[in-house]
Structures are given as C-alpha cells and as structure tokens.
2 protein chains.
Amino acid sequence: MSKKKGDKKAKSGKKKELEGLSATDLAPAITQAARSMRTALSRSLGESGLYAGQDGVILILAEEDGMTPGQLAIRLGVKAPTMTRTIGRMEAQGFLERRADGTDGRLTKVHLTEAGLQTVEQIGRSVSECGSIAAKGLSDKEIRTLLKLLKTIEQNLQSEPSDDRG
Amino acid sequence: MSKKKGDKKAKSGKKKELEGLSATDLAPAITQAARSMRTALSRSLGESGLYAGQDGVILILAEEDGMTPGQLAIRLGVKAPTMTRTIGRMEAQGFLERRADGTDGRLTKVHLTEAGLQTVEQIGRSVSECGSIAAKGLSDKEIRTLLKLLKTIEQNLQSEPSDDRG
DNA sequence: GCACGGAATTAAATTGTTTATTTAAAGTTT
DNA sequence: AAACTTTAAATAAACAATTTAATTCCGTGC
C-alpha cells in the first residue's frame, strides 16, 4: 500500500476505490463545515454591520493600513475582482476608503476609516468566538492537527490548478 | 487583545481560555480550504455542465429519486430557498424535473431526467478525484481524523445557534 | 368558514468565480 | 526620444450559491 511518492496513474482497469475510500467524503465534509462556519460567523458579524468575507479585510488593514486590493486578495485567498467589489461595498458602507497612489497611477491604496477602526475589536471577538464554538470539545492538540491538515489540503489544491488529462 | 503570532503561552492546556489560542485561526482556515475545494470541484464538474453545489443534488437523487426540495435541503445542509433556486436552474438545464405530488398539493417531487442520470458517474469521479487531490500526502488515518474533526466542528456549530445577545 | 402551520417560492443582499475591458507603467524598436 | 508592444493592476459584467425575511399555497383543525 501507500503508493504515495512514485505514483503511477491508473495501474488497473478496475474502480480502485482504495484511495478514495475516505477521500471521497472530503469535499462534502469541508463544504458543509465551511457553510456552517460561515453562517455562524455571519450572524456574529452582523452586529457590527458586516458580512462574512468582509471581516478579513478589516483585520488585515488593522495590521497594515494602506494595502492595495491585489495584496488584500492574495492575503485572503480570493480573486482580485472579488476584492474590488467587496472593497467597493465596504467603502459605501463607510468602513474604508480608497486613495490613489501618488507614485504609481495603477495602484489603489485602501485605508480604514474611523468607523472601520471601531469594528476591529468586535470582529476579532466574533472570529475568535466562532472558532471557539466550533472547537468545543476538541483538545488543543486536535485543533492544531486540524489546522495543519487544513493547510495541507489547501496547498494540495492550489498547487494543482487544472486537471491534467491523460 | 494581544494574541499575536509568536505569543508563547502555549503551555499544556489547563484553562479553558487557552483553547482559543488556536481556535481563532479556525474560521479563516476552513473558509480558505473550502474555497479552494470549491474552485477545484467547480472546474472538474464543469466538464459535465454542472456547478459546485449542484453535484450533491444529483448524487442524492440518484440514490433516492423523487425527494422534495425540503428533504434535499436538509440532506445537503442548505436552506430551503437555496435548494429552490438550485433546482430551478438544474431544471432549466435539463438535469431534473419537478412534478407535483398528487396526494399533497404542497409538495413538489424532484426527479432526475435521462440527462441527469448520465452525469452521475462523472460527478462521482469528480468528487472523488478532488478529494484525492486534496488528500495527497496524507495517510489514511489522517484523512479519517480530518473527517472526524470536521464533523465535530460542524455539529458544534449547528447545535449552537449563537443567539446569546446581551 | 376561518385561522394556523408547513412546504415551496419569491425578494433582496452579499460573496465568489471567470472572462473581458480600461488604464498606466515598463520594455522594445527604430 | 517617440511610437509601439507588453505587462500589471483595478475594475466591470455575467453567472451561481447562500442566507434571511416575507409571501403564497395548501392541508388540517377549530
């Protein structure tokens, strides 16, 4: 077993369910867990007038103000267009504002407003609280294991951008 | 809050608050993993003309045809309106069809069409493949651990409506 | 006959992706 | 140095998923 490294593809004509015996359940499991997490976070975030997906922007900006949309997108793992629109909404909501970069005309710098700054603590609390609720009953070690596993599969998925046919 | 990275208060846990030292990262980690998974699945599914989120409907219907939208929603862990919309689209795409229940006028039964039936195998392959890609480098035991942890946090989140407003 | 409850749907808001367009800096050629 | 080409960043548009709140429709019960 464990033909992990030097893997040859499709060595047998059968269904070879060996590898997929558990991995098949991975996609549904992650999807559901993320949905639940998103819903919980969304609820908690709602008190500050934010939607799930906006929290990360403020948190990152609170650490380093004046980042560009592109940088934010990379940090948050979303595509640039998503970030553009989210920033637009958050600007309309008054949490942040865009400023043109004086040096490079292509760049846009995103800055937290006073209202945005005031949400930082609440957001941190919401995210932390959701994580704690989700992790209830799990040991510290288990949480770290989960985090590590999650990071691994994320890297696996991102290093395979497209399905190589053949 | 001074829970920065590198904060070395990770002594062997005794207090409950210490659990939160890593749990804070849980929400972002799951969110991102799910995003990557969704993107990968979406790509793989695209070959059959389906979108991520539609696959589960067909898979469930393939096991038990004629379920109601409400039942499907519960099985897939989404809310009823989501299912209504997804079913509507899939019906327009020709993968399934709605039929009124003769006995109870409130119910709608969802049935797979011939075209829908033909996608079942491909979907199974896509889901399985994505799981395998995501799980690359992980042992069987690790995958099972991940699955178990995921299920735990999902149950934790769903049993806690988080309605504690004070 | 009328009120209540459940199932499905509609409405409105947002995130997310892919594809395509605009704008500005940088590089290349003449 | 000027004009053209290429690249990079931000954005716009189209498509889908998801949620909550409100509405419609139907069956059951008072």
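We name chains A, B, ... by the order of the sequence lines, and we start the count at 1 in each one.
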Under 4.5 Å between side-chain heavy atoms, hopping through other hydrophobics if needed: is there a path connecting B:Leu59 to B:Met37?
-> no
What residues 62-87 of chain A contributes to the DNA chain C interface at heavy-atom separation below 4.0 Å is A:Val78, A:Lys79, A:Pro81, A:Thr82, A:Arg85, A:Thr86
Taken in chain and number order and not counting sequence neighbours, the residues that satisfy side-chain hydrogen bond (donor to acceptor under 3.5 Å, both in side chains) with B:Arg75 are none
Quick one: how far along DNA chain C does chain A reach, first to last nucleotide 5' to 3', anything under 4.0 Å to a heavy atom?
-> C:dA13 to C:dA25
Are any side-chain N or O atoms of B:Ser44 and backbone N or O atoms of B:Leu41, one a donor and one an acceptor, separated by less than 3.5 Å?
-> no
Could you check how far CZ of A:Arg43 sits from C1' of D:dT20, rounded to whole Å?
-> 9 Å
A:Arg38 has an atom CZ; how far is it from atom P of D:dT19, in whole Å?
-> 9 Å
A:Leu45 and A:Ile87: same hydrophobic cluster, using ILVMFWY side-chain contacts below 4.5 Å?
-> yes
Should we count CD of A:Glu97 as having more than 12 external heavy atoms under 6.0 Å?
-> yes
Please confirm whether the backbone N or O of A:Ala23 pairs with a side-chain atom of A:Asp25, one donor and one acceptor, at under 3.5 Å?
-> no
Going by atom types alone, do B:Gln71 and B:Glu64 pair a side-chain donor with an acceptor below 3.5 Å?
-> no
Carefully, step by step, assess A:Leu146 and B:Leu150 under the rule side-chain contact (heavy atoms from CB on, under 4.5 Å).
-> CA-CA 8 Å; A:Leu146 176 54; B:Leu150 248 20; 4.0 Å; yes
Phosphate oxygens OP1/OP2 of D:dA17: is one of them under 4.0 Å from a side-chain N or O of B:Gln54?
-> yes
